[in-house]
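This report concerns only the one structure given below.
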There are 2 protein chains.
Amino acid sequence: MADMDHALQPPARLRGLASWQASKVSTLGARLTARRMPLGARADFAVLAALEEYGALSQAEIGRRLGLDRNDVSGILNRLEDCRRVDRQADPANRRRNVVTLTAAGRRHLEQLQQHADAVQAELLAGLDTAEQRQLQALLAKLLDSHKPQPA
Amino acid sequence: MADMDHALQPPARLRGLASWQASKVSTLGARLTARRMPLGARADFAVLAALEEYGALSQAEIGRRLGLDRNDVSGILNRLEDCRRVDRQADPANRRRNVVTLTAAGRRHLEQLQQHADAVQAELLAGLDTAEQRQLQALLAKLLDSHKPQPA
DNA sequence: AACCAACGTTGGCTTGTCCAACATAGCAGG
DNA sequence: CCTGCTATGTTGGACAAGCCAACGTTGGTT
C-alpha cells in the first residue's frame, strides 16, 4: 500500500518545481471548468468581466488587461457578438478603434459564468482550508504582479 | 500614473480566481522556459526525471506518475530514443510492456535541463522572498495531492 | 475456449498561446 | 504638404498540451 502510494508520486525534481506545479494546477482547473461550462467560456468570462468592471473598452485595451493577443481578442469578440453579448462599434473619436460594450444579455451571461466559476474554484481548492486558500491566492497574485510588464 | 496602473489591472473577478491565476502563472513559466530550453524539453525533463528517480519504468507507469496520457508518453519516448537518451525494450516478463531505461546520455541531458529549470524557477519566483516561495510551493503541492485520484 | 483488461501505437481534435502580414487610421517630422 | 512611424483590427497559420477513439497485441479470468 505504502509502496503503491510511493509508486504513484511524481518525481521529486518536479514536485518542487513551481512552473510544473502551476501547469498541473492549470490543467486541473481546465478539466473542472470543462465539466460545467459551455465551450470556450473561459475566455468569454474574462472579456465580459473586464467590460463589466471597466465599462467600454477598445479591443487592444481588453487584450492588455487580460494578457491576451489582439488576434485572440478578435476571435472571442466575434463569438460574443454573434450571441449579442457585446456590442462592437467604430469609435467616432478614433476610427482605428472599436468600442466594445457589454449588453444586457452579456451581463446576464457573465453572472451565469460567475456561478460556474465559483463552483470550480471551490472544487479546485477543496483540499485547502480557508486560510490556505487566501494565502495561495495572495501569493499567486503577488507573483503575477511582479511580472506585469512582460505579458503582451 | 496611478490611473494608468489601475487601467492595466485585470478585473477583480479574475484576480482572485485561482484557476485563472494558475493558468497565467503556467503560461508565464512556459514563456520563460521557451527562452532557455530546446524545443519540447519540458516533457523530456519530466520523463527523464521520473526514470532517474524510479529506475526502469513501463510507459504506462511513466504516464501515471506524470499525469500524462499513454499517447503522449509514446511520442516523447520516440524523441528521446532517437537521441539515445532512453532505451526501450520489450519486457521479457510481460510482453505487453516496454521497459524504459535511462542511458548515460539521458542522465547528462537531464542534468543540463535541471540547470535550465532552476534558472527558470528563480526567474519565475523572483518577486517573492524565500519564505513566500516555499509557502507557494507547499500550497501548490498540497492542492495537487488533494486531487491525486483524478488525473489520467 | 471465451471474455475482459491492460499496454503501446497511430491518428486526429480542441484550446491556448504566439507570430507574420496586411490595410487602415492617427501622429510626428521634415 | 508629404513622409515615415506607430497603433489598431483582421486574417492566416504555426505550435505545444491535453484529450479521445480505434486498433492489434498480450495477459489474466472465468
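As the structure is a prediction and not an experimental result, all values here were calculated from the model. Note that these values count all heavy atoms, side chains included, but never hydrogens, waters or copies made by symmetry. Here is the naming used below: chain letters follow the sequence lines, and residue numbers restart at 1 for every chain.
Contact check, B/Arg95 against C/dC7: no side-chain N or O comes under 4.0 Å of OP1 or OP2. For the OP1/OP2 pair of D/dA16 and a distance below 4.0 Å, the side-chain nitrogens and oxygens of B/Arg42 include no atom meeting the criterion. Taking 4.0 angstrom as the limit, A/Gln59 places a side-chain polar atom (N or O) nearer than this to OP1 or OP2 of D/dT10. Taking only side-chain nitrogens and oxygens, B/Ser23 comes nearer than 4.0 Å to OP1 or OP2 of C/dT17.
Residue A/Leu66 contributes atom CG, which lies 16 Å from atom C1' of C/dC18 at whole-angstrom precision. The distance from atom CG of A/Asn94 to atom C1' of C/dC27 is 11 Å, rounded to the nearest whole Å. A/Leu68 places its CG atom 16 Å from the P atom of C/dT15, with the value rounded to the nearest Å. For A/Asp69 and C/dG16, the CG to P distance is 14 Å, given to the nearest whole Å. Atoms CZ (A/Arg79) and C1' (C/dT15) sit 10 Å apart, rounded to a whole Å. A/Gln89 places its CD atom 14 Å from the P atom of D/dG9, with the value rounded to the nearest Å. Protein atom CG of A/Asp91 is 9 Å distant from nucleotide atom P of D/dG9, rounded to whole Å. Here the C1' atom of nucleotide C/dC18 and the CG atom of B/Leu32 are 15 Å apart, to the nearest Å.
Atom CG of B/Asp72 and atom CD1 of B/Ile62 lie 12.5 Å apart (nearest 0.5 Å). For the atom pair CG (B/Asn98) and CG (B/Asp91), the distance works out to 8.5 Å, reported to the nearest 0.5 Å. Note that CD of A/Gln112 is 12.0 Å distant from CG of A/Asp44, once rounded to the nearest 0.5 Å. In this structure, CD on A/Gln59 lies 10.5 Å from CG on A/Asn71, to the nearest 0.5 angstrom.
Under the side-chain contact (heavy atoms from CB on, under 4.5 Å) criterion, B/Gln121 pairs with A/Leu17, A/Ala18, B/Leu125, B/Gln137, sequence neighbours left out. For B/Glu52, the side-chain contact (heavy atoms from CB on, under 4.5 Å) partners two or more places apart in sequence, or in a different chain, are A/Arg13, B/Leu102, B/Arg107, B/Leu110. Scored by the side-chain contact (heavy atoms from CB on, under 4.5 Å) test, A/Ala12 finds A/Arg15, B/Glu53 as partners (sequence neighbours excluded). A/Glu81 pairs by the side-chain contact (heavy atoms from CB on, under 4.5 Å) definition with A/Val86, A/Arg88, not counting sequence neighbours.
Between B/Gln133 and B/Asp129, the side chains place no donor N or O within less than 3.5 Å of an acceptor N or O (distance only, hydrogens not considered).
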Output one line per pair: protein atom, nucleotide atom from nucleotides 2-7 of chain D, and distance, for all N/O pairs under 3.5 Å.
residue: D/dA7; atom: N3; partner: A/Arg96; partner atom: NH1; Å: 3.4

Protein-nucleotides 11-14 of chain D N/O pairs closer than 3.5 Å?
residue: D/dT11; atom: O4; partner: A/Asn71; partner atom: OD1; Å: 3.2

